[in-house]
Visitor: 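One structure follows; several queries about it will come next.
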Amino acid sequence: MNAEIQRVGAIVWKDLTAERRTKANFNSVVFLAGMILLLFGFAIGPGGEIIDAISGGVLWLTVLFSGVLSFNRSYEQELENGALEMLLLYPGDRRAIFVGKLLANLFFVLLVEVVMVPLAALLYDLPLWAHIGPLALVLVLGTIGFVTLGTFYAAMASRLRAREVMLPLLLFPMLVPLLVGAVQATGGILHGDLMGSTASWLKLLVVFDVIFFVAALLAFEHIIED
Amino acid sequence: MNKAVQGPEVIAPPRWLTPVGWAALLAFPAAQITGFLISAPDRAMGNLQKIMYVHVPSAWVAMVGFFVVFVASVRYLWSRDLKHDRLAAATAEVSVLFTGLTLALGSIWGRPTWGIWWTWDPRLTSTAIMLLIYVAYLALRSFTEDEERRARWSAAVGILGFLNVPIVYFSVKWWRTLHQVQTVDVTGAIGSAYAISLLINSIAFMILFAWLVGLRTQLAGLERQREAWLEEQALSRSDAHV
């Protein structure tokens with residue numbers, strides 16, 4: 001067990017180090033997220049009330065549309081010089097590769113959110129600081145499910161010619177329950193929870209995260225072997 | 001090298017395929033005729049209601065199909081026998097066809113009934129999402145060239161996609177209930193003549209579905225044989241030149 005944790009840690013460290021040394025991906029994803037937030041503002045118009053009502057949806061679509069760019073890259077860097085083959089040759093359980101990449105991606109997307117969410121609060125005048133605790137919980141729960149499936153499908157999509165199209169095509173329909181749950185919970189937290197349903201939506205997110213983490217973990221061995 | 005090239009030995013289709021095809025050809029019109037003859041036009045909707053006889057069974061068989069994809073995918077990963085992969089792919093294709101048909105028929109029924117082509121009803125919305133998930137499944141197959149890799153990858157996608165079916169359904173259902181939108185329950189109060197017509201149509205659809213899947217599986221097997229044979233020919237030619 002200890003050895004497994006060490007393997008996972010090694011993958012996380014390797015991926016994050018590669019990212020830290022270039023920062024190219026982080027900068028572009030953050031920039032894109034900010035741009036999407038602005039574009040939503042222009043598309044919806046300057047009326048404060050509409051933005052208020054749909055801010056949860058805008059926030060989560062921005063997370064999905066910008067975050068989806070980070071998953072393929074996580075494997076693409078392994079495709080050069082046979083790095084993936086080397087990674088697979090190392091002894092030990094291959095699930096460590098999945099968990100390691102998942103954690104690295106999770107850290108990455110959460111870091112993007114740390115910049116993006118305050119920016120959204122600024123642009124759309126959201127009561128962020130008053131609800132920072134519950135909001136962080138929703139963001140973490142939603143992001144875990146998003147990153148789990150993103151890391152899983154990118155293991156396939158990144159090795160295809162049509163990778164830019166295939167990843168969203170595979171990933172987004174699967175994320176519908178997560179999107180619905182996360183948007184409803186976020187809306188409930190930001191604008192008051194009239195129906196008292198936020199807790200149920202959080203439970204849905206937890207169930208989604210657990211089911212797909214287990215399923216992806218079990219299926220990963222079959223998609224990574226070659 | 002001009003000797004007449006012998007084609008590969010063609011694998012015989014399963015024995016049940018042709019009779020089932022004939023059964024489908026007979027059952028399908030018979031079910032439609034029964035639907036129109038034995039059940040009176042609906043008091044409110046008239047003959048429009050008879051769309052349900054094809055709409056509901058087509059949704060049912062598509063759902064059964066997605067379950068077959070799931071089972072065949074699990075069995076492929078278990079046994080690594082490509083015949084399960086061919087069954088999964090064939091069933092997914094036919095199920096996508098029937099899901100599309102379900103949505104189209106539902107829209108045609110919904111427009112005069114509700115006055116709209118589309119509504120965010122839980123069943124309708126989850127059916128549309130299922131369609132997207134399995135279209136992605138087929139797209140992944142068509143983009144993956146290596147046969148064995150295609151089988152493993154699509155099996156994983158087929159399994160995760162099916163796990164999502166109940167989650168999608170309930171999340172959309174809760175989402176709609178919160179918004180207090182009345183959904184029309186079409187399977188609610190229906191008379192016995194309707195039930196019989198629906199049952200006969202369901203049987204006809206099931207037979208048709210089984211025949212299409214059998215045919216498509218057989219075709220996939222033939223395609224694979226042809227590929228293997230062409231490869232062999234190309235290899236023997238290049239050997240001769242050396």
Side-chain angles (χ1 to χ4, degrees), chain A residues 57 98 145 148-149 152-153 155-157 159-185 187-188 193-198 200-201 203-205 207-226, chain B residues 70 73-80 85 96 99 120 122 125-180:
Chain A
F98 178 69
T148 302
L149 286 181
F152 180 74
Y153 285 116
M156 295 177 264
R159 285 184 273 169
L160 294 173
R161 273 173 294 121
R163 62 178 78 95
E164 290 84 6
V165 193
M166 264 328 285
L167 183 60
L169 201 61
L170 287 166
L171 183 58
F172 285 156
M174 293 292 288
L175 291 177
V176 169
L178 181 125
L179 180 68
V180 168
V183 169
Q184 294 297 323
D193 185 10
L194 295 176
M195 307 269 206
S197 60
T198 302
S200 312
W201 290 118
K203 274 181 214 152
L204 173 76
L205 290 181
V207 168
F208 187 94
D209 291 355
V210 170
I211 289 180
F212 285 109
F213 177 73
V214 173
L217 193 65
L218 292 176
F220 186 73
E221 271 181 285
H222 298 289
I223 60 169
I224 201 71
E225 69 175 57
D226 268 310
Chain B
F70 171 73
S73 298
V74 171
R75 290 186 71 183
Y76 171 74
L77 288 184
W78 195 262
S79 69
R80 297 297 164 104
D85 175 59
V96 162
T99 311
W120 296 93
T125 312
S126 9
T127 310
I129 297 163
M130 283 305 106
L131 182 70
L132 290 178
I133 289 177
Y134 287 92
V135 164
Y137 171 94
L138 294 177
L140 177 75
R141 292 192 69 91
S142 67
F143 279 122
T144 319
E145 270 136 40
D146 181 71
E147 185 180 41
E148 196 255 343
R149 174 188 269 194
R150 178 173 61 215
R152 279 187 286 109
W153 286 10
S154 54
V157 172
I159 292 169
L160 262 75
F162 189 76
L163 289 181
N164 214 2
V165 173
I167 308 178
V168 167
Y169 178 74
F170 283 110
S171 65
V172 179
K173 195 176 162 162
W174 295 331
W175 175 55
R176 294 310 294 167
T177 350
L178 280 178
H179 290 242
Q180 299 288 327

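This is a predicted model, so every value here is computed, not measured. Just so we're on the same page: letters track the sequence lines, and every chain starts at 1.
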Visitor: Quick one: pull up OH in B:Y137 and CH2 in B:W153 and give me the separation to the nearest 0.5 Å.
Guide: 14.0 Å
Visitor: B:I167, B:I129, B:L160: which one forms the most heavy-atom pairs within less than 4.5 Å of chain A?
Guide: B:L160
Visitor: With rounding to the nearest 0.5 Å, note down the distance linking CD1 in B:I133 to CG in B:N164.
Guide: 5.0 Å
Visitor: Considering only heavy atoms, which portion of A:F172 lies under 4.5 Å from any heavy atom of chain B: side chain, backbone, both, or neither?
Guide: neither
Visitor: Which region of A:F220, side chain (C-beta onward) or backbone (N, CA, C, O), has a non-hydrogen atom less than 4.5 Å from a non-hydrogen atom of chain B, or is it both or neither?
Guide: neither
Visitor: Is it the backbone or the side chain of A:L204 that comes under 4.5 Å from a heavy atom of chain B, or both, or neither?
Guide: side chain
Visitor: Is the shortest side-chain heavy-atom distance between A:R159 and A:I224 below 4.5 Å?
Guide: yes
Visitor: Taking side chain as everything from C-beta outward and backbone as N, CA, C, O, which of these in A:M166 sits under 4.5 Å from a heavy atom of chain B? Side chain, backbone, both or neither.
Guide: side chain
Visitor: Determine the interplanar angle of the A:W201 and B:W174 rings, folded into 0 to 90°, and report it as parallel if under 30°, tilted if 30 to 60°, perpendicular if over 60°.
Guide: perpendicular
Visitor: Tell me which of these, B:V135, B:I159, B:L131, B:V157, has more heavy-atom pairs under 4.5 Å with chain A than the rest.
Guide: B:V157
Visitor: Given a strict heavy-atom distance threshold of 4.5 Å, which part of A:I211 is in contact with chain B: side chain, backbone, both, or neither?
Guide: side chain
Visitor: Given the options B:F170, B:F143, B:Y169, which has more heavy-atom pairs under 4.5 Å with chain A than any of the others?
Guide: B:F143
Visitor: Checking side-chain hydrogen bond (donor to acceptor under 3.5 Å, both in side chains) against B:D85, which of B:R80, B:R141, B:R75 comes through?
Guide: B:R141
Visitor: Give, as side chain, backbone, both or neither, the part of A:L171 having an atom under 4.5 angstrom from any heavy atom of chain B.
Guide: neither
Visitor: For chain B, which of A:V180, A:L169, A:L160 has the most heavy-atom pairs under 4.5 Å?
Guide: A:L160
Visitor: Do A:L149 and A:L175 come within less than 4.5 Å of each other through their side chains, counting heavy atoms only?
Guide: yes
Visitor: From A:L178 CG over to A:F208 CZ, what is the distance, rounded to the nearest 0.5 angstrom?
Guide: 5.0 Å
Visitor: Could you label the plane-to-plane angle of the A:F152 and A:F98 rings as parallel, tilted or perpendicular, counting under 30° as parallel and over 60° as perpendicular?
Guide: perpendicular
Visitor: For chain B, find which of A:P177, A:A215, A:S200 contributes the most heavy-atom pairs closer than 4.5 angstrom.
Guide: A:P177
